[in-house]
There are 2 protein chains.
Amino acid sequence: MTYDIMSASCPSRIVLRRIGARWTVFIVNALEHEPMRFTALATRIQGITPKVLAETLRSLEEDGLVSRTVFDENPPHVEYELTELGRSLLVPLRAVREWAEEHVPTVLAARAARAALRPTDAG
Amino acid sequence: MTYDIMSASCPSRIVLRRIGARWTVFIVNALEHEPMRFTALATRIQGITPKVLAETLRSLEEDGLVSRTVFDENPPHVEYELTELGRSLLVPLRAVREWAEEHVPTVLAARAARAALRPTDAG
DNA sequence: CCGCATCCGACGCGATACTG
DNA sequence: CAGTATCGCGTCGGATGCGG
């Protein structure tokens, strides 16, 4: 059974929204090769705050994309790892990331052209 | 010259954020096969409001992904169409959409399992 | 009737500081 | 080390109005 993604009730929209969340693509890509600890993720993904990192990881965990493993040690040790479902998401996300990297000059040029054409008064 | 996408100053982040905007994937996919008018887009993409549709279209236009053509007729006639850059974005976005459609049952099942395991008081 | 612009509320996101 | 608590802002969304 397939849904029309343009329909408001289409379940894929829920998933798409999660994927489109601000930091999902960075977290999933950071976990591409190996499990990582919380602080390692926070260090690797520049600009993310602990709060948002924790929230996003919870969401990804809830959706079965990331698994969270607690090692009962001192100091505390928690590892995050992609599940098989999460690894399957790597493929399309990498395509998006590569598109962004490849076309960023074109996009920035388009923006600059717009800005140059937008006069304050003369025109 | 390549940037590290994990760096806060990486320009790709700007592009990724635009791609991840709430309705971008729907608009781009709606324009996949042919130019569309404002109202046609609003009708096709269920749940979007005119305000957000207009805003998102402006953003996409600013980034050179969508072109806007005004036909000087009565009644007014405006068409939106993917640029070549926009069409190139179709490829990765379609991959994401297809991933969502394919894996939505798994994600929903993971959520349901979480919900079932989350007790109000009993464990 | 088509294509928006404006006003206002809700929520996700961000900076800072603090805890087990 | 691995988070949580608090507060503020920007973006998103709904309702309404307006020009051609």
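Heavy-atom basis, side chains included; hydrogens, waters and symmetry copies ignored. Numbered from 1 within each chain, the chains take letters A, B, ... in sequence-line order.
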From [atom1] of [X] over to [atom2] of [N], roughly how many Å is that when rounded to an integer?
X       : N      : atom1 : atom2 : result
B:Leu41 : C:dG3  : CG    : P     : 9 Å
A:Asn74 : D:dG3  : CG    : C1'   : 15 Å
B:Glu79 : C:dG3  : CD    : C1'   : 14 Å
A:Arg68 : D:dA2  : CZ    : C1'   : 8 Å
B:Leu57 : C:dC4  : CG    : P     : 8 Å
A:Asp72 : D:dA2  : CG    : C1'   : 14 Å
B:Gln46 : D:dG14 : CD    : P     : 13 Å

Shortest non-hydrogen contact between A:Ile5 and A:Leu16, atoms and distance: CD1-CD1, 3.4 Å
Identified side-chain contact (heavy atoms from CB on, under 4.5 Å) partner of B:Leu82 from the options B:Val66, B:Leu65, B:Leu89, B:Asn29: B:Val66
Between [N] and [X], is there an OP1 or OP2 to side-chain N/O distance shorter than 4.0 Å?
X       : N     : value
A:Arg37 : D:dC1 : no
B:Tyr80 : C:dC4 : yes
A:Thr39 : D:dA2 : yes
B:Arg58 : C:dG3 : no

Sub-4.5 Å side-chain heavy-atom contact between B:Tyr80 and B:Leu60: no
Sub-4.5 Å side-chain heavy-atom contact between B:Arg111 and A:Glu62: yes
A:Arg13 NZ/CZ over B:Phe26 ring centroid, <6.0 Å and within 45° of normal: yes
salt_bridge(B:Glu61, B:Arg58) N-O dist < 4.0 Å: yes
Proximal nucleotide (of C:dG3, D:dC1, D:dA2) relative to the A:Pro75 side chain: D:dC1
Residues which pass side chain to side chain donor-acceptor pair (under 3.5 Å) with A:Glu98, listed by chain and number, not counting sequence neighbours: none
Under 4.0 Å protein heavy-atom contacts per nucleotide of nucleotides 7-20 of chain C, with B for base, S for backbone only and - for none: B-----BBB----B
